[in-house]
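One structure is given below, encoded as structure tokens.
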Amino acid sequence: MELAKAFDPKTAEGHYKEWEENGFFAPEINEDASAPTYSIVIPPPNVTGSLHMGHALQHTLMDVLTRWKRMQGFRTLWLPGTDHAGISVQRKVVEQLRKDEGLSPIDIGREEFISRAWKWKEQYGNTITEQMRREGASVDWSRERFTMDADLSLAVRSVFVALYEEGNIYRGLRIVNWCPKDKTVLSDLEVKEETRKDGTLTYLKYPVKGTDRTVTVATTRPETMLGDTAVAVNPTDERYADLIGKTIMLPLAGREIPIVADEYVDKEFGTGAVKITPAHDPNDYQIGERHGLEKLLVMDEAGKMNAAAGPDFEGLDRFEAREKVVARFEELGLLEKVEAYEITLPICERCKTIVEPILSEQWFVKMDEMRDIALDVMRSEGVPHFFPQVPHEKVYTNWLENLKDWTISRQLWWGHQIPAWYDDEGNVYVALTEAEAREKAGGKQLRQDQDVLDTWFSSGLWAFSTFGWTGKGGVLNTPDLDSFLPTDVLVTGRDIIFLWVSRMVMLTKKFTGKIPFSDVVVTGTVLGKDGKPMSKSRNNGVDPIAMFDKFGVDATRIYLASIATGADIKWNDLLIETYRNFANKIWNATRFCLLNSANALVKVFEPAEVKALPAADRWILSRLSRTAAAVNRALDTYQYHEAVSLLYHFFWDDFCDWYIELKKDEINSGDAAASSFILSVLEQALRLLHPFMPYLTEELWQKLPGIGSSLHHPAYRSAKLSIMLADFPKGSDTFIDDAAENEVSAVIEVIKKVRNIRAEMNISPSVRFVVHVAGSEKLRDVLHANEGQILKLARAEKVILSDSLVVPKASARAVLSGGGEVAIPLEGLIDFEKERIRLQGQIDKLDTELERISGQLSNANFVERAPAEKVQELRDRKDEIERQAATLAANIEVLN
RNA sequence: GCCGUCUUAGCUCAGUGGUAGAGCACUCGCUUCACACGCGAUAGGUCAGAAGUUCAAAUCUUCUAGACGGCACCA
């Protein structure tokens, strides 16, 4: 069989369809009933989304783990699905409605709007799941879930009802983060900050009633003065002591408001007097509560001033109102000054609108018990165990310790409508269904709460609702729940540790008694070339699909795994090229192995047979075994980059650069035994590479002669042939062979020394020369056994072995590390001056090292206190350096 | 303000007490019959700076500078 000259990723990527159709991704493919399970639930991507680099990275890491464990014979499940993404979908549908029909959601009504949203989801919501197929994600599509599936919705209502009934969910009037554009409340975590240097601090003078004095207050939001219901000063502030208890005639509003004393006020900041707007500021709200102040709301849900702001301002946008308030104060002579002020504004994470703190009645989850659950799990079980542990564990626990209640209602239509109903008197009935609620209400006419729940509320149940749990009165246990919860690991980004990870821990533990997962792998952020997070506004994004097209899925995947250290990483196309080249290298190495393989077959290595093989064969098998063991160890601790590096260097350096080259003549001569052996090594290497490069390895593996289900893990013996189901090499000690490794190292060293001389002496590769090697009998035996390889790889004419060198003066020389010398007679080719410089350069290098080592060894403290082993190591090294340097010096003498 | 991370070769990054590493880029050489997405050979770092602990520090401690992240505050 002959392969094309270069690897074509497109062809290989066709394997996905076979895998999916053959059911390889489902845990049921595993026939071993007693096999241990391994499960991962995907962080459900937003249905409105399309694949970005962060997904590609995380999916790669999850797929590597899933494929690795599947090959190890675990009953493996990676469960896929998507998240209904309340605000995002709502916005898309609103926009579509406006553009296509010129209608607003109100025009068509809630029911119709939701039906449009479902249609939107059906039509566009599968973008990302299709892209995941391209990625090669081995997820079990038969278990795909959506956060608004019927049973997942039932789970949401069950949890809501249960938490309400035990008092962990309550409804209350609080200052919340309000987005006037989305017209909904946001949780603290959905609000980001933006620092503006062009902010202002406006100083307003408030007349004190019954005097001709004014009190100056400073504010960044002058329009809120229309809702002021007090001015506060510090009780110990002498400047204002006589004003406490007096009142202010509030300009523009014409209301009379009190001057109160409160410890909260910082005497040093601003003027020391603070305007108090309890309905529009969280701190003012607290002060208002303490002093029994009125809470006057002066804005509506769109951020426009309402009737309470007075006829002059009603209907104005908050920013227009701001200008107008300042202008009026100026007209009245009550504007003291406006100064430039650097201000930090709260911003809606999604739409970047400035968030308005506003008094509003919302639903909250009480966090006391939830926090304790999460902290207990961390303290008693160390769960979740973060990778990397530093700094995530500390940040996570710090955050939990300072947790505030979670606002869960959202003023949207798309999502899980809150299962709470009201009667005409405003009594609330919380139940799973309207029928149950009505029953509780004694048959009264009820109206359901119009709000929906925060999307993260349903995502918080993802680890167990996806396995069929629907709650008390429904399904509390399923075979999947038994088998797959707790899941083994969660792979996710740093940005949703609080938003999602913490809530899954709390809710899963509370409702199932189990932890959702033991390990959490936190990936770094893939940054753009400019070192900033990828974003549309910065236009520094890189589309993973474009990378798949340009370099192939396999190259992109293994590249992403190679950078998965947990640290942020700057994107660089050139580095994927490394792995595109690697893929091609693997392709061509396989191509070579197959070229003359007429009678060869892949086989399993028998220790007894291996013992009788030449050193080179035992060496590559030893290297393979070490690599396999190290790859398993690396993956055990999520050291993906380490695993990639091990595989890359094994394949390229050991297998291609040395093993293939050492065996080339034998293989090319059609030696079936040699061919079988190299194919068998290659076959195992492909298996090791499979989790990282699934398509390429499948494509090549299928072409190897002699592969059969015997290579499958026993749990998959009757399945259709696929490398996906092959046994992942463990790397047993049986084939570790130090003697073979030493022998081959000696051969390699000689070849490298000769090549170095050729290159440094500018001798053309076409020139063949005699190579003399002097050394121990053992060394000579080893070199003799590999004479053909040395001739070929060093491009030598002849190798002459002896116990001491007898060569002409006109020779280039080198020393070997284990004792021994190399010399190449170069009559007419050698430039003595150049050779002297070359040798002297080597001596200089040795001298630098010798100096350092001698210094250490002459330090009595070191010799006394360092471990004897270390001291001996250095002494040996010193002897070796001295021997080499002496030999080189003698070589220079010869030239003179 | 509090907590934390990072600073290593031209670039992008590995490396948690014992001889500084990789890929790419650079330099030199090669149509060597798997691969020029290749082969061979070099060159290139006082590991941000300072002090300390230690026989020994890129690695541990403290400080400084710069970059960044989270949280809090923000009249």
Side-chain angles (χ1 to χ4, degrees), chain A residues 2-3 5-7 188 193 195 199 201-203 217-221 224 231-232 264-266 269-277 281 283-284 341-346 388 390-392 394-396 398-399 402 494-495 497-498 525 529 531 551 555 559 562-563 565 567-572 574-575 577-595 641-642 645 648-649 656-657 660-661 664 667-668 751-752 755-760 762-766 792-793 795 848-849 852-853 856 859-867 869-871 873-874 877 881:
Chain A
E2 191 158 344
L3 268 54
K5 217 176 161 184
F7 171 51
D188 293 347
E193 285 174 355
T195 302
L201 192 59
T202 306
Y203 290 76
V217 295
T219 179
T220 55
R221 296 188 294 156
T224 62
V231 167
Y264 165 79
V265 180
D266 179 356
F269 193 93
T271 61
V274 188
K275 59 189 279 303
I276 302 298
T277 324
D281 183 281
N283 294 311
D284 292 5
Y341 186 68
E342 184 177 306
I343 187 168
T344 308
L345 293 169
V390 178
H392 299 108
K394 189 164 182 182
V395 173
Y396 173 80
N398 282 354
W399 179 78
N402 300 300
R494 183 170 48 227
D495 50 336
I497 290 177
F498 305 148
T525 308
K529 288 189 179 84
F551 301 105
Y559 164 66
S562 80
I563 59 169
T565 62
D568 290 353
I569 183 91
K570 265 187 244 183
W571 184 261
N572 190 344
L574 291 174
L575 299 177
E577 224 173 291
T578 300
Y579 293 99
R580 193 262 319 256
N581 297 349
F582 184 47
N584 193 54
K585 188 76 177 176
I586 295 167
W587 177 268
N588 275 291
T590 307
R591 180 166 179 258
F592 169 77
C593 292
L594 289 172
L595 277 176
H641 62 292
E642 175 68 11
S645 164
Y648 185 94
H649 289 111
C656 292
D657 285 352
I660 287 184
E661 296 305 330
K664 208 163 224 174
I667 310 259
N668 279 339
I751 293 168
K752 281 183 162 273
R755 283 174 173 174
N756 175 261
I757 289 169
R758 183 190 295 277
E760 299 280 317
N762 287 328
I763 296 167
S764 158
S766 59
K792 183 176 168 69
L793 300 182
R795 306 185 69 76
T848 311
E849 196 183 341
R852 200 192 59 244
I853 293 178
Q856 252 182 297
N859 179 345
N861 271 330
F862 170 73
V863 178
E864 277 166 33
R865 307 173 89 152
E869 195 184 293
K870 290 288 168 200
V871 177
E873 225 169 74
L874 271 199
R877 179 68 192 152
I881 291 170

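All values derive from a computational prediction rather than experimental measurement. Throughout, protein chains are lettered first and strands after them, A, B, ... in sequence-line order, and every chain is numbered starting at 1.
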Between protein and nucleotides 65-73 of chain B, what N or O pairs are separated by less than 3.5 Å?
| residue | atom | partner | partner atom | Å |
| --- | --- | --- | --- | --- |
| B/C73 | N4 | A/Glu193 | OE2 | 3.2 |

Could you tell me how far apart [X] ([atom1]) and [N] ([atom2]) are, to the nearest whole angstrom?
X: A/Asn584; N: B/C39; atom1: CG; atom2: C1'; answer: 14 Å
X: A/Leu874; N: B/U19; atom1: CG; atom2: P; answer: 8 Å
X: A/His641; N: B/C13; atom1: NE2; atom2: C1'; answer: 10 Å
X: A/Glu760; N: B/A41; atom1: CD; atom2: P; answer: 11 Å
X: A/Glu642; N: B/U16; atom1: CD; atom2: C1'; answer: 14 Å
X: A/Asp657; N: B/C39; atom1: CG; atom2: C1'; answer: 8 Å
X: A/Asp281; N: B/C74; atom1: CG; atom2: P; answer: 7 Å
X: A/Ile751; N: B/G40; atom1: CD1; atom2: P; answer: 11 Å

Measure up the A/Trp571 and A/Tyr559 rings against each other and bin them: parallel (under 30°), tilted (30 to 60°), perpendicular (over 60°). perpendicular

Decide if the gap between the ring center of A/Phe551 and the ring center of A/Tyr579 is smaller than 6.0 angstrom. no

Would you say a side-chain N or O of [X] is under 4.0 Å from OP1 or OP2 of [N]?
X: A/Lys570; N: B/U12; value: yes
X: A/Thr565; N: B/A14; value: yes
X: A/Lys394; N: B/C3; value: no

For Watson-Crick and G-U wobble pairs within 3.5 Å on both distances, what is RNA chain B written in dot-bracket notation, | included for inter-strand pairing? (((((((..((((....[..))))..((((.......))))......(((((..]....))))))))))))....

Would you say [X] and [Y] make side-chain contact, with heavy atoms under 4.5 Å?
X: A/Asn859; Y: A/Glu864; answer: no
X: A/Lys752; Y: A/Asn756; answer: no
X: A/Val231; Y: A/Val217; answer: yes
X: A/Arg221; Y: A/Asp281; answer: yes

Ignoring hydrogens and angles, are the base of B/C35 and the side chain of A/Lys585 linked by a donor-acceptor pair under 3.5 Å? yes

Taking A/Thr220 as the fixed residue, which of A/Ile343, A/Thr344, A/Leu345 is the one that meets the side-chain contact (heavy atoms from CB on, under 4.5 Å) rule? A/Ile343

[X] to [Y] - nearest heavy-atom pair and separation:
X: A/Arg877; Y: A/Glu849; value: NE-OE2, 2.8 Å
X: A/Ala583; Y: A/Phe7; value: CB-CD2, 3.8 Å
X: A/Lys5; Y: A/Asn588; value: O-OD1, 3.2 Å
X: A/Lys570; Y: A/Lys529; value: CD-O, 4.1 Å
X: A/Tyr341; Y: A/Leu201; value: CB-N, 3.6 Å
X: A/Lys275; Y: A/Thr224; value: NZ-OG1, 2.7 Å

Nearest-0.5 Å distance, CD1 of residue A/Ile563 to CD1 of residue A/Ile569: 5.0 Å

Side chain of A/Arg852 only, heavy atoms from C-beta on: which candidate in B/U19, B/C35, B/A41 is closest? B/U19

Output a table of nitrogen or oxygen pairs between the protein and nucleotides 52-57 of chain B separated by less than 3.5 Å.
| residue | atom | partner | partner atom | Å |
| --- | --- | --- | --- | --- |
| B/C55 | OP1 | A/Arg865 | NE | 2.5 |
| B/C55 | OP1 | A/Arg865 | NH1 | 2.8 |
| B/C55 | OP1 | A/Arg865 | NH2 | 2.5 |
| B/C55 | O4' | A/Asn861 | O | 3.4 |
| B/C55 | O2' | A/Asn859 | ND2 | 3.2 |

B/S/- along nucleotides 21-33 of chain B (protein heavy atoms under 4.0 Å) is -SBS-----S-B-

Please list, for nucleotides 5-10 of chain B, all pairs of protein and nucleotide N/O atoms separated by less than 3.5 Å.
none

What are the atom names and distances for every N/O pair under 3.5 Å that joins the protein to nucleotides 60-62 of chain B?
none

